Structure formats: structure tokens, C-alpha cells
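Everything on this sheet refers to the single structure shown next.
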Amino acid sequence: MLTDEKIRELIEKLGITDDEFAELVEKTSDEKNVTPGGAMLLLHYRVFNKPKGVETTIDNFTKPVKEAMDDLFKDASEFLSRYALNNHKDEADWLEKELDREMKFSKNYTPEKATMLLAYSYGWRNGDAISAFDSKLVQGKRADCLSLDSLLPKINEKGKIPFLSGIVNRISNAKEFDEQKGHKLRSTGIEITDGKNKIWINCHDTSPFKSKSTGRQVLGKFLSTKAQMNRTEMIGSIVTFMNLDARITKKSDLRLSTGPYSNFNYEKPDEKSPLGENA
Amino acid sequence: MKAVPNVFEPGPSSRENGGIGEEEFLVYCLKAGIDIQLSLGPYSNCDFKVSGKRVDVKTISNDFGPLPDFNVNVPSCQVSLEQDLFAFVFHDKTKETYTIAGAVGREDLLRKGILKRKGESERNGKFIYKCDTYVLKVGELLPIEAFA
């Protein structure tokens with residue numbers, strides 16, 4: 001069940017000899033009434049089980065212990081090499097240029113972290129691209145590419161993305177603001193994906209107000225409530241957002257949110273079971 | 001790339017219970033000869049892969065173990081396309097035992113589960129949902145073997 005490499009990794013992590021490991025496997029196997037192979041899997045689980053409550057956030061790149069960081073860096077480098085080979089085989093220096101740009105963009109990051117960030121933006125998730133969808137299904141339903149280098153050119157001079165489509169991966173709980181933020185009353189996050197990249201869109205309920213420039217009354221928009229009302233149906237649907245606000249934060253993250261002039265609609269894929277095996 | 005918003009952080013004991021529940025699930029699958037793999041990456045949003053299906057194991061503590069009429073639940077913000085199955089393990093606090101109650105596919109959870117809204121209550125107000133939650137009866141779960 002475990003590869004030789006994983007077994008070696010486990011023995012090293014436990015800091016025991018091969019004989020001691022064999023004894024431990026036998027003991028675990030007897031104790032839990034599983035095969036020796038199963039016992040090794042169980043030991044691997046116990047030793048390497050991810051800490052509970054670890055969120056899938058990019059900030060966690062700073063948290064893993066050194067060995068885990070080394071593994072992640074190796075994974076990310078291999079992923080990028082494969083990606084470059086598959087998608088940019090005619091541009092020999094593509095990866096080098098991208099890494100240079102990432103280093104320049106991320107300033108204080110180490111080359112290892114910059115590599116992992118770059119890999120992340122191309123869909124790397126601990127060595128595996130996210131395979132939530134059948135790519136044919138995604139293409140047929142016009143999901144946009146959601147990698148950072150595809151999103152940034154979509155932002156117009158007004159700081160808006162006029163149209164953006166993706167597949168709904170998950171919907172957060174509604175967050176009520178303690179104090180009203182401008183016209184914003186509450187928000188719900190909708191995480192969309194193209195099957196490889198993911199990004200959250202903050203959808204807001206906004207109150208009606210009078211436009212300073214035109215003097216006209218602008219109606220309230222209730223996109224947070226709309227997401228909450230339709231959350232079960234929306235998971236797995238293709239959603240199209242109109243007029244999204246886009247901004248780059250001080251931490252160089254891209255934040256997308258809806259405002260009083262935004263909207264979204266969604267449609268279920270035609271397949272009998274959009275959330276089934278292909279999802 | 002933001003973290004999934006979490007309404008209430010699990011306490012240390014819940015995390016420990018969750019860890020034991022997952023281990024019991026793993027042992028159960030190993031004993032049953034089910035094809036199970038670990039999914040331990042820090043960015044993984046599932047615990048195991050059973051016959052290639054991504055499984056999120058949920059552990060519920062009570063004083064009885066599972067009964068068909070009991071509810072199992074999944075916070076709605078945790079239901080995403082990154083899990084194919086949700087498996088439920090009951091921790092009987094009295095007997096200190098763990099029982100695998102069964103599993104449900106994500107599609108069935110969304111279709112059959114009742115979406116309870118934050119603030120809704122049950123048992124004459126004794127239990128209040130802290131966040132939007134999909135709720136299903138234990139009797140509606142299938143044995144994990146059905147997905148293997």
C-alpha cells in the first residue's frame with residue numbers, strides 16, 4: 001500500500017531502525033487486526049496526519065515544518081516543470097521568465113516560496129492539479145480561466161471585470177457586518193473554479209442610495225441573500241458575474257467583490273448529474 | 001485563495017476526537033479490504049480516498065452511538081466539489097467506542113439533506129444551529145462498502 005519511498009520516509013520520521021520498524025508494524029498489525037500493509041498505512045497516517053484545522057490558505061506556506069516545506073517545494077518545482085513542458089514547449093525560457101517575474105512581484109519572498117506561489121497560481125495543490133471537473137464539461141460551459149495571469153488583464157481602467165464565469169465550488173456562510181461598510185450590509189463568499197484554479201468572490205447586499213454624480217436613486221442589490229437562497233442549487237453550477245470590483249491588496253492578493261452595479265446569474269450544466277462522477 | 005470562512009473553530013477535544021474518528025474509519029476500511037488511500041497534503045480538503053473517491057470523515061460525539069433516527073450534519077460551507085463522499089463516525093462517550101455509521105455522496109447530501117439555517121433550533125430550543133447546515137438521518141446513509 002505504501003511505496004518503498006514512503007516507507008523509508010516513515011522510518012526516517014520515526015527515527016528507528018528497520019528491525020524496530022518491522023516490530024512496530026507487527027505489533028500494530030496484531031493490535032488493530034489489519035494486514036502488515038494496512039498497519040504501515042495506519043502508522044503513516046498517525047505520523048503524517050495533517051494538523052486539524054489547517055485551512056487551505058496560501059498563508060499556510062509559511063507554517064509547515066522545514067521537511068514539509070522541502071517536500072512542497074520539490075512538488076511545486078516538478079509541477080511547474082511538467083506544466084511548462086505541456087503548455088509552453090515552444091518557449092524554452094518560459095518558466096525562468098515566470099519565476100523571475102514572480103520574484104519581482106513578490107519582493108521579499110524566498111525563491112522556494114515564490115516557486116510555490118507560482119505553482120499555486122497554475123493549479124498546483126500539493127503536487128496535484130485540482131480535478132474537480134471534467135475539462136470538456138468546463139469548456140462546453142464557458143468557464144473562464146481563473147489563473148492570476150488570466151484575471152489581471154481582464155481588469156479594466158475602472159478597476160472592474162465586466163464579465164467573469166466559473167463553476168461554483170462552495171459557498172460560505174453569510175457574514176453580517178457589525179457596522180455598515182459604505183452601502184454594504186452583509187456578504188457571502190462564492191468560491192469559483194475553472195477546474196484548476198480557484199478564487200473567492202465576495203457578494204454583498206447593498207442598501208439603496210442616491211448617486212452623487214447623476215443624482216439618481218440606485219436600487220439596493222441583494223447578491224449575498226441571492227447566493228444564500230440558492231446555495232444548494234448553485235454548487236456545481238456555472239455562474240457568470242457582471243461588473244465585479246477588482247482590487248489588489250497590500251499583500252498583493254487579488255480581491256474580487258460585487259457592488260451596487262454588479263449582478264450574477266447561474267445555470268446548471270445540462271448533464272443529468274452535474275455533481276456526479278464528472279464533478 | 002482565501003481560507004474557507006469558519007464560523008466556529010473546533011476546540012482541541014473536537015480535533016482529537018476527529019483524529020481518532022478518522023483513524024477508526026481507516027482501520028475499518030483496512031479490515032474490510034476496501035481500497036483506501038491517505039490524503040494528507042496541507043492543501044487537501046479531504047481525509048482519504050476510497051476507490052478514488054475523496055472522503056471527508058465527520059465524527060459526532062454522543063452518549064448512544066448511531067441510531068437510524070439520529071441526525072448527521074455537515075456545515076454547508078464545507079460542502080464543495082472537493083469531496084465526493086461524507087462519512088460519519090459516532091463516538092459513544094459512555095462506552096468510549098467509535099462506530100462507522102455510513103456515508104453519503106455529495107450529490108445525495110445536497111438533494112436529500114435538509115438545509116437548516118443559522119439560528120434554527122431543535123429539541124424545543126435545546127439545540128441551535130450555529131451555521132447553515134445540511135442535515136440527514138443516519139438511516140439515509142449507505143455503508144461505505146457501497147461506494148468502494
Side-chain angles (χ1 to χ4, degrees), chain A residues 1 32-35 37-39 41-42 44-46 48-60 63-64 68 72 75 120-121 125-128 130 132-133 167-175 189 191 193 198-200 228 231-233 235-236 253-255 273-277 279, chain B residues 1-7 9-12 14-19 22-24 26-33 35-45 47-48 52-54 75-84 105-111 113 115 117-118 130-134:
Chain A
M1 286 183 172
K32 292 289 180 184
N33 193 21
V34 294
T35 62
L41 196 69
L42 187 54
H44 194 275
Y45 171 80
R46 284 177 182 167
F48 291 101
N49 185 18
K50 65 187 173 210
K52 294 293 156 197
V54 168
E55 301 284 9
T56 50
T57 158
I58 203 151
D59 294 337
N60 286 322
K63 292 177 186 169
L72 285 172
D75 255 0
Y120 198 95
S121 68
R125 299 292 183 276
N126 194 30
D128 293 323
I130 292 175
F133 307 98
I167 298 171
V168 179
N169 189 38
R170 80 181 86 212
I171 297 175
S172 78
N173 295 299
K175 183 183 175 189
E191 190 185 48
T193 176
K198 297 187 291 184
I199 192 159
W200 283 94
Q228 290 296 335
R231 67 184 308 156
T232 303
E233 264 192 16
I235 295 171
D253 287 330
L254 174 63
R255 290 284 162 86
S273 168
L275 300 174
E277 290 297 315
Chain B
M1 292 177 198
K2 241 170 56 177
V4 179
N6 215 339
V7 172
E9 281 290 315
S14 303
R15 284 181 181 164
E16 194 183 322
N17 262 343
E22 284 173 17
E23 188 174 320
E24 291 297 324
L26 174 60
V27 170
Y28 177 88
C29 290
L30 288 171
K31 279 182 185 169
D35 169 24
I36 185 164
Q37 288 175 7
L38 310 183
S39 182
L40 297 178
Y43 304 100
S44 164
N45 277 332
D47 299 314
F48 302 104
K53 296 183 182 75
R54 297 158 298 176
S76 58
C77 62
Q78 291 181 14
V79 180
S80 83
L81 300 178
E82 288 158 27
Q83 301 93 16
D84 301 312
R106 181 191 57 235
E107 193 184 353
D108 278 344
L109 177 70
L110 290 173
R111 198 168 49 210
L115 179 58
R117 294 294 182 174
K118 179 183 175 181
K130 292 181 183 172
C131 65
D132 293 356
T133 305
Y134 287 102

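Sequence lines set the chain letters: A, B, ... in the order given, protein chains first and strands last, and positions in each chain run from 1. Note that the structure is predicted; figures quoted are calculated from it, not measured.
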Practice item. Step by step, work out the side-chain contact (heavy atoms from CB on, under 4.5 Å) result for Thr35(A) and Leu30(B). Key: CA-CA 8 Å; Thr35(A) 62; Leu30(B) 288 171; 5.8 Å; no
Practice item. Assess whether atom NZ of Lys175(A) is packed by more than 12 heavy atoms of other residues, nucleotides or ligands within 6.0 Å. Key: no
Study note, to complete from the structure: Okay, Ile171(A) and chain B: the region with an atom under 4.5 Å from a heavy atom over there is backbone
Practice item. Rounded to the nearest 0.5 Å, what's the gap from OG1 on Thr193(A) to CG on Leu81(B)? Could you check? Key: 8.0 Å
Review point. Do the non-hydrogen side-chain atoms of Arg170(A) and Val79(B) ever get within less than 4.5 Å of each other?
Key: no
Study note, to complete from the structure: For Cys77(B) and Ser172(A) the tightest heavy-atom approach is CB-CA, 3.9 Å
Review point. With only heavy atoms counted, which part of Gln228(A) is less than 4.5 Å from chain B, the side chain, the backbone, both or neither?
Key: both
Practice item. Please state whether the side chain, the backbone, both or neither of Arg117(B) comes within less than 4.5 Å of a heavy atom of chain A. Key: side chain
Study note, to complete from the structure: Value for CG (Leu41(A)) from CD (Gln37(B)), rounded to nearest 0.5 Å, stands at 8.5 Å
Study note, to complete from the structure: NZ of Lys32(A) to OH of Tyr28(B), rounded to nearest 0.5 Å, is 15.5 Å
**Study point:** Closest heavy-atom pair and its distance - Leu38(B), His44(A)
**Key:** CD1-ND1, 3.5 Å
Check your understanding: How far apart are the closest heavy atoms of Asn33(A) and Lys31(B), and which atoms are they?
Key -> O-CG, 3.5 Å
**Study point:** Contact summary for Asn173(A) and Ser76(B), nearest pair of heavy atoms
**Key:** OD1-OG, 3.7 Å
Point to revise | Stepwise salt bridge (Lys or Arg N to Asp or Glu O under 4.0 Å) test for Glu233(A) and Arg111(B) | key: CA-CA 9 Å; Glu233(A) 264 192 16; Arg111(B) 198 168 49 210; over 6 Å; no
Check your understanding: Ion pair present between Arg46(A) and Glu22(B), side-chain N to carboxylate O less than 4.0 angstrom?
Key -> no
Point to revise | Which atoms of Leu109(B) approach chain A - backbone, side chain, both or neither, heavy atom under 4.5 Å | key: neither
